[in-house]
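What's counted below: heavy atoms across the whole structure, side chains too, no hydrogens, waters or symmetry copies.
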Amino acid sequence: QVQLVESGGGLVQAGGSLRLSCATSGRTFRTLNMGWFRQAPGKEREFVAVIGWNSGSTYYTDSVQGRFTVSRDNAKNAVYLQMNSLKPEDTAVYYCAATRGSIYSRTRGEYDYWGQGTQVTVSS
């Protein structure tokens, strides 16, 4: 079993930055591909970014490419999402998730473990 706990959300002005953290527990963390998703009010939960188990590969949704960076520290059992140049449309609850499947997993159903989410609000 893997437990995920996000932190680092908050209120920021457009153009600002936030760094989200995801603390994990469980012996299998190092073997899991880790993703970030977000869900805005009234919308479906959407894929944001993923990082491979060995940090060798990262992928992003087009809307955050070049602004967000996903990283992980396997020694600390942690995953991070650095968010720069934030826009009001980035406002959402952000979720950390883990998959035993492919790094190409992009849908909610392909992820096995989820955190409780952290709110990010970007004001204009």
Side-chain angles (χ1 to χ4, degrees):
Q1 190 71 9
V2 177
Q3 288 80 45
L4 309 175
V5 180
E6 303 95 334
S7 61
L11 173 64
V12 64
Q13 288 189 329
S17 298
L18 282 174
R19 187 192 194 210
L20 305 184
S21 298
C22 176
T24 75
S25 62
R27 294 179 294 176
T28 61
F29 171 74
R30 292 172 177 78
T31 67
L32 299 173
N33 296 318
M34 299 298 298
W36 286 95
F37 285 70
R38 65 186 180 186
Q39 187 165 16
K43 295 188 176 181
E44 295 288 321
R45 192 170 299 187
E46 65 171 354
F47 168 81
V48 174
V50 64
I51 184 166
W53 64 270
N54 64 352
S55 301
S57 298
T58 57
Y59 297 97
Y60 302 89
T61 192
D62 288 347
S63 62
V64 308
Q65 182 76 45
R67 298 188 298 122
F68 290 12
T69 302
V70 60
S71 61
R72 67 190 292 164
D73 186 337
N74 285 347
K76 296 182 178 180
N77 281 8
V79 182
Y80 307 99
L81 186 67
Q82 177 67 42
M83 306 186 296
N84 298 328
S85 302
L86 282 161
K87 304 175 181 180
E89 51 264 43
D90 295 317
T91 295
V93 176
Y94 282 71
Y95 296 89
C96 175
T99 179
R100 292 172 293 186
S102 169
I103 193 173
Y104 300 107
S105 299
R106 296 288 184 271
T107 65
R108 185 174 181 173
E110 294 175 286
Y111 281 75
D112 303 291
Y113 307 102
W114 291 86
Q116 84 290 349
T118 185
Q119 177 70 47
V120 171
T121 303
V122 184
S123 63
S124 57

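Listed by chain and number, the residues in a side-chain contact (heavy atoms from CB on, under 4.5 Å) with V120 are L18, L20, M83, Y94, V122 (sequence neighbours excluded). Applying the salt bridge (Lys or Arg N to Asp or Glu O under 4.0 Å) test to R100 and every residue at least two apart in sequence or in another chain returns D112. For S57, there are no side-chain hydrogen bond (donor to acceptor under 3.5 Å, both in side chains) partners two or more places apart in sequence or in a different chain. Scanning for salt bridge (Lys or Arg N to Asp or Glu O under 4.0 Å) contacts around R38 gives E46, D90, with sequence neighbours left out.
In the hydrophobic clustering of this structure, Y95 groups with Y59; members are Ile, Leu, Val, Met, Phe, Trp, Tyr whose side-chain heavy atoms approach within less than 4.5 Å, directly or through other members. Following chains of ILVMFWY side-chain contacts shorter than 4.5 Å, one can reach V12 starting from V48, so the two form part of one hydrophobic cluster. Follow the hydrophobic side-chain contacts under 4.5 Å out from L86 and you reach Y60 in the same cluster. A continuous path of hydrophobic side-chain contacts links V64 to V79 [ILVMFWY only; heavy atoms under 4.5 Å]. The hydrophobic cluster containing L81 also contains L4, counting ILVMFWY residues as joined when their side-chain heavy atoms lie under 4.5 angstrom apart, directly or transitively.
Note: M34 CE to R72 CZ = 6.5 Å, rounded to the nearest 0.5 Å. Here the CZ atom belonging to R67 is positioned 7.0 Å from the OG atom belonging to S85, to the nearest 0.5 angstrom. If you take CG on N54 and CG on N33, they are separated by 8.5 Å, rounding to the nearest 0.5 Å. In this structure, the separation between OG on S63 and NZ on K87 is 8.0 Å, given to the nearest 0.5 Å. Of the inter-residue distances, the one linking T24 atom OG1 with Y113 atom OH reads 11.5 Å to the nearest 0.5 angstrom. Atoms CZ and CG, on R30 and N77 in that order, are 5.0 Å from each other to the nearest 0.5 Å.
The shortest distance between side-chain heavy atoms of T61 and F68 does not fall below 4.5 Å. The shortest side-chain heavy-atom distance between Q119 and L11 does not fall under the 4.5 Å cut-off. Side chains of V70 and V50 form no contact here, defined as non-hydrogen atoms less than 4.5 Å apart.
T99 contributes a side-chain N or O that, together with a main-chain N or O of E110, makes up a donor-acceptor pair within less than 3.5 Å. Although no hydrogens or angles enter the test, the distance criterion places a donor-acceptor pair under 3.5 Å between the side chain of E6 and the main chain of C96. Looking at N74, its side chain does come within 3.5 Å of a backbone N or O of W53 through a donor-acceptor pair.
For residues 11-42, the pairs satisfying ring pair (Phe, Tyr, Trp, His ring centres under 6.0 Å) are F37-F47, F37-Y111, F37-W114, with sequence neighbours left out. For residues 11-22, the side-chain hydrogen bond (donor to acceptor under 3.5 Å, both in side chains) pairs, not counting sequence neighbours, are S17-N84.
Pairing each heavy atom of A40 with each of A92, the nearest pair is N-CB, 3.8 Å.
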